[in-house]
Amino acid sequence: MTGWSNWSGRARSEHAEVRFVRSIDDLAAIVAAATEHGRCVRVAGSGHSHFPLVPTDDVIVDVSALSGVVSVDTDRMIATMRGGATIASLGRPLHDAGVALPNQGDIDRQTIAGAVATGTHGTGRSLGSLSTRVAGLTLVDATGRIVHCSHAEHPELWRAARLGLGAFGVVIELELSVVPAFRLAESAFATTYDELRPEIDRLVHEHRHAEFFWYPRSDRAFVKVIDETDEPAVYPLADEGARVGWNYEVLPNHRPRIHTEMEFAVPYDRSLDCLDEIRDLLTTEFTDVRMPVEYRTVAPDDVWLSPAYERDTATISVHRLIEFDDGPYFAACERIFRRYDGRPHWGKLHSYTADDLAAAHPRWHEWWSRRDAIDPTGTFLNATLRRWRP
Ligand SMILES: Cc1cc2nc3c(=O)[nH]c(=O)nc-3n(C[C@H](O)[C@H](O)[C@H](O)COP(=O)(O)OP(=O)(O)OC[C@H]3O[C@@H](n4cnc5c(N)ncnc54)[C@H](O)[C@@H]3O)c2cc1C
């Protein structure tokens, strides 16, 4: 098949040769042949990244056939799954084995390898991104060789490749640390921003998950809090904001409106000042924007390229419906995020250069040197990643 595009249709490769991989041998042969001919290979997950991480006019591999849960070790609390599995497809089999991912993002359409590769996160001040759960991973490298890494085996590779942007190889299996299966009760309320603002820190500290969407036209906020519960699940599940069910039933939402998005991770203690500035921008300059601004929190971590690396973090996301030009609005938002030491979400839109990224990420150079060690010829680098290479 020729040509690929992402979920929104904005990131495209008209001439890519798209290969649907059926087996690991098949994958290893495709990658090795591409390397031999000096061609780039990028892996596509579900194409839910807004940032053009996947596009190349050489080879795009789709590993969605390599899916499913491989095993669950309830002594070590490690679940092994194939990289092409969607997050949606993992919830029930993990639950049947008595375990769960402690958190996940706002939707569950992404592949697990794609979500891990960009540091996809949900909300919760004590809950890290999916990359923080990676205890080990297995990839096919540029020569077609299978390489496993973990804290004990190739530890530096493991440290770097936990958030790998598809630049280390094709991830075929992930070992993720899991927790016992748990139920959640969700509640929601609407309020004004002025009423909410003094309460945000309390909500963030009192609840396992707290987040809100602020709507610029009405200046109102839709607040959602979620906590563990012993109450039985209630089926059919209620609408978003009132559900009681298992983790994988309550956490994902339906987000059908096609849009583009920018998200920055900012220091938690300055996040509301940053949000105030975004709000001012929307109420004075970009008064035609209707899509809400989303506010969430993420626990600090030690994942090298994580936007939450070693800092208490809040994330602020801005959206634009696909029919509109997001350029001027996102550029104005990014100017604000920069003043708050913002680190962009890897899967969402931003205009950070290599220098900006190096300044934002203390482990930038180590990440690149690990990457270059496993793929010296740059098979897994497309034009975007090459521009960032130190
Ligand atoms: C509607 C919507 C809601 C979203 N909600 C959230 C959210 O709540 N939280 C959040 O943090 N993000 C969110 N995102 C962003 C999204 O989670 C990330 O962009 C994620 O990376 C998408 O996963 P994917 O499977 O679609 O991967 P793709 O977008 O296809 O690829 C992403 C990256 O992963 C790499 N990759 C994919 N598969 C593999 C593999 N097998 N081996 C190695 N590398 C691989 C790709 O090469 C690429 O670099 C959302 C996006 C959309 C469109």
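We count ligands from 1, going down the list as the structure has it; atoms in each ligand are counted the same way.
- Contacts between R42 and ligand 1 below 4.0 angstrom, taking non-hydrogen atoms only, involve the side chain exclusively.
- What sits closest to atom 52 (C) of ligand 1 on the protein, heavy atoms only, is H48 O, 3.8 Å.
- Under 4.0 Å from ligand 1, heavy atoms of T111 appear from its side chain as well as its backbone.
- Close approach of ligand 1 to L165 is summarised as follows: ligand atoms under 4.0 Å from at least one heavy atom of the residue are 49 (O).
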Worked check of salt bridge (Lys or Arg N to Asp or Glu O under 4.0 Å) between R320 and D288: CA-CA 10 Å; R320 198 79 166 108; D288 59 325; 3.0 Å; yes
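- Residue-level proximity to ligand 1 for I172 is absent, since no heavy atom of it falls below 4.0 angstrom.
- At a heavy-atom cutoff of 4.0 Å, ligand 1 is contacted by the side chain of V63 but not by its backbone.
- Heavy atoms of R296 found under 4.0 angstrom from ligand 1 belong exclusively to the side chain.
- Criterion: ILVMFWY side-chain heavy atoms under 4.5 Å apart, direct or through other members. Under it, V134 and V43 are not part of a common hydrophobic cluster.
- Ring centroids of H365 and W304 are separated by 6.0 Å or more, keeping the two rings apart.
- At a heavy-atom distance under 4.0 Å, only side-chain atoms of K348, from C-beta outward, approach ligand 1.
- The number of heavy-atom neighbours closer than 6.0 Å to CZ of R92, taken from other residues, nucleotides and ligands shown, is 12 or below.
- Here atom 37 (C) of ligand 1 lies nearest to G114 when heavy atoms of A11, G114, P252 are compared.
- Side-chain rings of Y352 and F337 stay apart, their centers remaining 6.0 Å or farther from each other.
- Short contacts between ligand 1 and A117, defined as distances under 4.0 Å to a heavy atom of the residue, involve ligand atoms 34 (O), 35 (C).
- Of all the heavy atoms of S49, the ones lying under 4.0 Å from any atom of ligand 1 are found in both the backbone and the side chain.
- Only the side chain of H50 comes within contact range of ligand 1, with a heavy atom under 4.0 Å; no backbone atom does.
- Close contacts of ligand 1 with T118, meaning ligand atoms under 4.0 Å from a residue heavy atom, involve 18 (C), 20 (C), 21 (O), 32 (C), 33 (C).
- Within the structure, ligand 1 lacks G83 among the residues with a heavy atom less than 4.0 angstrom away.
- The single protein non-hydrogen atom nearest to atom 22 (C) of ligand 1 is Q110 CG, 3.6 Å, given as residue, atom name and distance.
- For the residues D106, L174, V43, the heavy atom positioned nearest atom 45 (C) of ligand 1 is part of V43.
- Close approach of ligand 1 to V170 (heavy-atom distance below 4.0 Å) involves ligand atoms 42 (N).
- Of the protein's heavy atoms, I107 CD1, 3.8 Å lies nearest to atom 1 (C) of ligand 1.
- Of all atoms in ligand 1, numbered sequentially from 1 with element shown, those under 4.0 Å from a heavy atom of L53 are 48 (C), 49 (O).
- Distances shorter than 4.0 angstrom occur between a heavy atom of G169 and an atom of ligand 1.
- Ring centroids of H259 and H50 are separated by less than 6.0 Å, placing the two rings close together.
- Ring centers of W367 and W346: at least 6.0 Å apart, outside the cut-off.
- Between Y295 and the choices T315, I200, L196, the side-chain contact (heavy atoms from CB on, under 4.5 Å) rule is met once, by I200.
- Judged by distance alone, with hydrogens and angles left aside, the side-chain atoms of R183 form a donor-acceptor pair with the main-chain N or O of D230 at under 3.5 Å.
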